[in-house]
Novice: 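Just dropping this structure here.
Proteins come first, then strands; the chains are lettered A, B, ... in the order of their sequence lines, and each starts at number 1. What you see is a predicted model; the values in this text were computed from it and never measured. The figures that follow rest on heavy atoms only: side chains count, while hydrogens, waters and symmetry mates do not.
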Amino acid sequence: MTERSLHIGLGLALTGLLVASLLTGVAEVAPLTALKALVTGGEGPLGLVMREIRLPRAILAVLVGASLGLSGAAMQGLLRNPMAEPGVIGISAAAALGAVIALQTGLAASFALALPLAALLGALIGVAAILFLAGRGGTLALILAGIALSALASALTSLVLNLSPNPFAAQDIVFWMMGSLADCSFTHVAIAAPFMALGGLLLARTGRGLDALTLGEEAAASMGIDLTRLRLAVILGTAASVGAATAVAGTVGFVGLVVPHLLRPLVGASPARLLPAAALGGAVLVLIADIAVRKVLPGQDLKLGVLMALVGAPVFLNLIWRMRGQP
Amino acid sequence: MRLALLCGLFLCLAPVLPVAAAPGRVVSINLCTDQLAMMLAAPGQLVSITRLARDPAASVMAEAAMAWPVNRGQAEEVYLLHPDLVLAGRYTAQPTVAMLRRLGIPVAVFEPADSFADMQADIARMGALLGREPEAAAMAGAFAARLARIRAASLPGPRPLAATWSARGYMSGHESLAGEILTTAGFDTLAARMGRAQGSTLPLEALVLADPDLVVTGRIGPGSSRAEEPLTHPALGALTGHRAAVEDRDWICGLPSVLDATDRLKDMK
């Protein structure tokens, strides 16, 4: 399959799923009436539902999915390891901790961008810790460092939420660990989108460097790739993307694991070709998951993470199975 | 150990018996029984209430509650208070209640009040348990009289649609105290229209489509929580109906003060 036809295929799937997402909700509304209300604003509350509730949710599903897919593909290119995924190795958990601290200290209420900034900072510390602990240590070191980071960040998140004076804060633990797009508004889109765009831009430009890196660090350096700059771009890009996604949707794991895993056979071994495909594929996957949570348990806010883990864990196990015996 | 024993002895030797056969050392481990007992108990009869009774967000008697020692509702600390009656709620931790009963302490369990009738029964039951029947009768009488005045004052006419909606999209059912308060204040409830007798979650989308004339939300608590974020969703703000805030403390317990909320909501019609 050519790269072009893959992109067209994913783009068509994305468009179709976007419309399907807009037509999914607790209220049974005829599709044409719903879409008309979306475009014209409609009479009465239906326009409000389409424009202020379903539209921002669908847009966020696309943005969150694309950011997570792209970061997964870039991290895997940098570490040359198919298991390097922000959710699995604890970067999302660190971002969630940053977000929760910003919310509970009141920082997020004082200025709008404090929430994604704090999540970005959390993710940045997470990525730096992972690279420091496991940058050259192989798969086992990566997974172990990820388990430790996840456990620490999740425990601190739970602690902060339990210390909150708000009686509902402790129940939020589920949201921060499992993620959800329920009741998101354009406020969420507005605070997340700039950071996602920044992260996407940084990561999109790493393709050539990551391609060279597949030949090894020395070969890449001899090809004129500035490895320090490449690393920095991936670290900052991942932190911005994962931080923004986590700040609005909680921890949505496995997207960056499943999507590159499925698409790699279609684009060959080139990280540069995987990056755009993984962004599109991530958006498609999260849209599907977010439609599914609303279909399985309408009106119950089944968490996205539940579905993603059901899909993602088998892929993860499969990767481990294939890696048996390797150091 | 010896100190504990001494304290125990002292407590045992100094029971206050207001009325013969009435319990002298009553401990409450539920927010609602706290407040009802505070209003009805004889001086010295109630020896401990829960910490929650001092929380102004949850309790209408937060200030008065400063006069009583507080507990955290743990079996161990309650047992060491040597109560001869423990007041608990239906949703108080069941292991605690079972443990206290195993230790031979009588525990009276109150169901949450789902209606004004439940409330009047609870007042009478609390009066009987504490040996304070005349006080309970006076309280029930005053409540009934005020309720009758409110009912008389709520004019016949159109009944606008009201819905309660709080954190995590929780809507009270129509067979709840909140439902009866809204109905008495002159509204039809969305819960009744949807046939939801019990409390349940209502997605924001369904609330917006129902477009009620009045949405009653709680107040947003201190700190921050994702669960309360939907209460500030722009779609909710864009609804044409009125908004009212009734604080949790004003109607989570079946206390005579629920009529304050009823009175206020009646004027929102």
Side-chain angles (χ1 to χ4, degrees), chain A residues 24-29 37 41 44-57 96 99-109 115 160-161 163-176 179-180 182-188 190 248-250 294 297-301, chain B residues 31 50-52 54-59 62 91 161 163 165-171 190-191 194 196 199-213 215 217-241 247-249 252:
Chain A
T24 306
V26 281
E28 291 296 329
V29 186
L46 184 60
L48 209 54
V49 167
M50 294 305 295
R51 287 183 163 187
E52 296 289 341
I53 299 177
R54 292 193 190 174
L55 185 59
R57 181 173 186 157
V100 165
I101 289 175
L103 283 169
Q104 295 301 330
T105 54
L107 201 63
L115 178 67
V160 171
L161 290 172
L163 288 174
S164 166
N166 190 297
F168 296 103
Q171 300 174 11
D172 283 359
I173 293 172
V174 184
F175 166 79
W176 291 110
S180 167
D183 295 340
C184 278
S185 66
F186 274 113
T187 322
H188 296 103
V248 291
R294 282 178 283 174
L297 278 177
Q300 299 265 327
D301 192 17
Chain B
L31 171 69
T50 67
R51 253 179 346 139
L52 279 175
R54 288 183 177 177
D55 176 1
S59 159
Y91 295 106
L161 185 67
W165 207 65
S166 49
R168 298 157 72 84
Y170 182 83
M171 178 177 74
L190 182 59
M194 298 177 90
R196 295 191 183 186
S200 55
T201 51
L202 181 72
L204 175 61
E205 204 177 300
L207 179 73
V208 169
L209 282 176
D211 201 13
D213 301 297
V215 179
T217 56
R219 279 210 209 288
I220 292 182
S224 161
S225 77
R226 179 81 188 188
E228 290 168 326
E229 242 180 60
L231 299 178
T232 56
H233 197 287
L236 199 56
L239 280 177
T240 46
E247 296 200 40
D248 286 346
R249 62 172 187 213
I252 45 175

Novice: Between Thr240(B), Leu209(B), Thr201(B), Ile220(B), which shows the greatest number of heavy-atom pairs under 4.5 Å with chain A?
Specialist: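 Most heavy-atom pairs under 4.5 Å with chain A: Leu209(B).
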Novice: Measure Ser164(A) against the heavy atoms of chain B and call it side chain, backbone, both or neither at under 4.5 Å.
Specialist: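 For Ser164(A), the side chain is the part near chain B, not the backbone.
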Novice: What distance separates Asn166(A) CG from Arg226(B) CZ, expressed to the nearest 0.5 Å?
Specialist: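 Going from CG on Asn166(A) over to CZ on Arg226(B), the span is 13.5 Å.
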Novice: Looking at chain B, which one of Val29(A), Leu46(A), Asp183(A) has the largest number of heavy-atom pairs inside 4.5 Å, strictly under?
Specialist: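 The candidate making the most pairs under 4.5 Å is Asp183(A).
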Novice: Quick one: what part of Ala108(A) sits under 4.5 Å from any heavy atom of chain B, side chain, backbone, both or neither?
Specialist: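 It is neither, since no heavy atom gets under 4.5 Å.
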Novice: Among Gly169(B), Ala58(B), Pro230(B), which residue has the highest count of heavy-atom pairs closer than 4.5 Å to chain A?
Specialist: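 Most heavy-atom pairs within the cutoff with chain A belong to Pro230(B).
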Novice: With a 4.5 angstrom heavy-atom cut-off, is it the side chain or the backbone of Phe168(A) that approaches chain B, or both, or neither?
Specialist: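 When you check distances to chain B, atoms from both the backbone and side chain of Phe168(A) fall under 4.5 Å.
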Novice: To the nearest 0.5 Å, how far apart are CG in Leu48(A) and CG in Leu204(B)?
Specialist: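 Reported value, rounded in 0.5 Å steps: 8.5 Å.
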Novice: Between Thr187(A) and chain B, which part of the residue has a heavy atom less than 4.5 Å away: side chain, backbone, both or neither?
Specialist: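 Contact with chain B involves the side chain of Thr187(A) alone.
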Novice: Please state whether the side chain, the backbone, both or neither of Leu239(B) comes within less than 4.5 Å of a heavy atom of chain A.
Specialist: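 Both parts, heavy atoms under 4.5 Å.
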Novice: Which one, Ala57(B), Ala210(B), Ala235(B), leads in non-hydrogen pairs under 4.5 Å with chain A?
Specialist: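 Of Ala57(B), Ala210(B), Ala235(B), Ala235(B) has the most heavy-atom pairs under 4.5 Å with chain A.
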Novice: Do you know which two heavy atoms are closest between His233(B) and Ser185(A), and how far apart they sit?
Specialist: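 Nearest heavy atoms, His233(B) then Ser185(A): NE2-CB, 3.4 Å.
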Novice: Can you name the closest pair of heavy atoms from Glu52(A) and Pro234(B) and give their distance?
Specialist: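 That would be OE1-CB, 3.8 Å.
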Novice: Which answer fits Glu205(B), side chain, backbone, both or neither, if we ask what part of it has an atom under 4.5 Å from a heavy atom of chain A?
Specialist: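 Its backbone and side chain both get close to chain A.
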Novice: Given side chains that start at C-beta, do those of Val208(B) and Ile53(A) come closer than 4.5 Å, heavy atoms only?
Specialist: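 The answer is yes, as the side chains (C-beta and beyond) meet within the 4.5 Å cut-off.
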Novice: Nearest 0.5 Å please: distance from the CD atom of Glu229(B) over to the CG atom of Leu103(A).
Specialist: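 It is 7.0 Å, given to the nearest 0.5 Å.
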Novice: What part of Arg51(A) is in contact with chain B, defined as an atom under 4.5 angstrom from a non-hydrogen atom: side chain, backbone, both or neither?
Specialist: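 Neither; nothing under 4.5 Å.
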Novice: How close do Pro203(B) and Val26(A) get, counting heavy atoms only, and between which atoms?
Specialist: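 Closest approach of Pro203(B) to Val26(A), heavy atoms only: CG-CG1, 3.5 Å.
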